[in-house]
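Comments concern the structure below.
Proteins get letters first, then strands, A, B, ... in listed order; numbering begins at 1 in each.
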Amino acid sequence: MADDFDVEVISRDEDGRSARFLVRGLTPAMANGIRRAVVADVPTLSIDTVRFVENSSVMFDEMVALRLGLVPLTTPLDDFELGDTVTLALDVEGPATAYSGDLETSDSLVRPADENIPIIELKQGQRLEFEADAVLDTGKDHAKHQGGVAVGYRHLQRVEVLGDRDGFDEEEPHILRGVIETDEGELVHTEEFGADLTNRYPGKELAVTDVPDAFVFHVETDGSMDVDELVLRAVDSLRDRADELATKVAV
Amino acid sequence: MMIPVRCFTCGTVIGEHWEEFKARAKEGDEDPAKVLDELGVDRHCCRRMMVSHTDLVDVVSPYQ
């Protein structure tokens with residue numbers, strides 16, 4: 001197996017919430033291992049227990065608690081260990097809408113990553129007051145703890161121009177998704193030309209092949225941490241488990 | 001009832017964009033597709049969450 005991976009960032013959002021990057025020298029098993037680690041092994045904080053003081057809204061306590069669990073919380077992983085908790089509280093009286101941004105936390109580093117998520121709309125005389133515990137756990141335990149959403153990878157595809165197309169053939173759309181490598185070695189996402197190769201190479205005959213051991217990852221986070229941190233933590237967790245296996249087998 | 005916090009299929013937070021989408025596309029007269037594009041709701045799984053949602057709090061609240 002190759003010792004060095006070659007990583008190239010193709011695109012990255014300014015807010016650090018999504019990125020697309022190319023890794024060369026990976027086996028398909030490793031690529032899937034990274035994907036699974038991003039989804040299931042990087043822990044995030046999420047509300048787990050809610051103690052209601054008053055809930056006279058139109059939703060049951062359980063329904064409100066489920067919605068609260070899904071609100072992403074920023075997670076400074078250096079300061080927390082698995083199972084640590086942070087207390088949050090909310091007190092809103094109608095007529096008003098309780099938003100995720102109304103949540104008060106006991107730790108200033110932990111706050112809702114998105115502040116405009118409506119929790120519940122309260123009418124005149126209705127009130128929502130509770131205290132909640134957010135716990136640090138992994139996506140294996142509950143999907144609300146997944147830091148990565150919509151994580152996936154595709155083969156890098158090489159598009160070669162073989163020559164001019166036969167002039168009497170009718171040009172049909174050649175739809176291709178993902179990132180292609182051109183003859184000049186340029187990396188282009190097919191969305192840039194409408195996912196149709198005939199837009200980029202009109203009148204050409206093309207050959208499309210998968211580049212061996214090269215994968216283009218697309219990772220998005222729910223806001224609990226940056227994409228960079230999420231992916232690095234995922235890779236660390238893979239390494240830790242490999243080390244653990246090595247030491248246990250060595251005995 | 002209320003807009004789901006996350007997309008059922010992919011888990012992206014979509015509740016965040018509901019109020020703007022409602023004001024501009026459901027109650028306003030903008031093209032819903034354009035509003036969703038501007039909000040960054042790209043995937044069709046997330047888009048159906050917004051397009052097919054109806055707020056029911058007003059309907060339910062008299063029957064407390």
Could you tell me whether the side chain of B:Asp58 reaches within less than 4.5 Å of the side chain of A:Lys123, counting heavy atoms only? yes
Rounded to the nearest 0.5 Å, what's the gap from [atom1] on [X] to [atom2] on [Y]? Could you check?
X	Y	atom1	atom2	value
A:Asp222	B:Cys10	CG	SG	11.0 Å
A:Leu70	B:Ile14	CG	CD1	10.5 Å
A:Ile117	B:Ile3	CD1	CD1	11.0 Å

Is the [atom1] atom of [X] crowded by more than 12 outside heavy atoms at less than 6.0 Å?
X	atom1	value
A:Arg12	CZ	no
A:Arg241	CZ	yes
A:Phe52	CZ	yes
A:Arg127	CZ	yes

Given a strict heavy-atom distance threshold of 4.5 Å, which part of B:Val13 is in contact with chain A: side chain, backbone, both, or neither? side chain
How far apart are the closest heavy atoms of [X] and [Y], and which atoms are they?
X	Y	answer
A:Ile120	B:Met2	CA-CE, 3.7 Å
B:Gly11	A:Val149	O-CG1, 3.4 Å
A:Pro118	B:Gly15	CD-O, 3.3 Å

Counting only non-hydrogen atoms closer than 4.5 Å, can you tell me which residues of residues 23-52 of chain B sit against chain A? B:Arg43
Which bit of [X] comes within less than 4.5 Å of chain B, counting heavy atoms only: side chain, backbone, both or neither?
X	result
A:Ser100	neither
A:Glu121	both
A:Gln126	side chain
A:Leu68	neither

Largest heavy-atom contact set with chain B, pairs under 4.5 Å, which of A:Thr221, A:Val58, A:Leu122: A:Val58
Closer than 3.5 angstrom, by distance alone: can the side chain of B:Glu16 be matched with the main-chain N or O of A:Asn116 as a donor-acceptor pair? yes
Sub-3.5 Å donor-acceptor pair from the side chain of B:Arg6 to the main-chain atoms of A:Arg67, do we have one? no
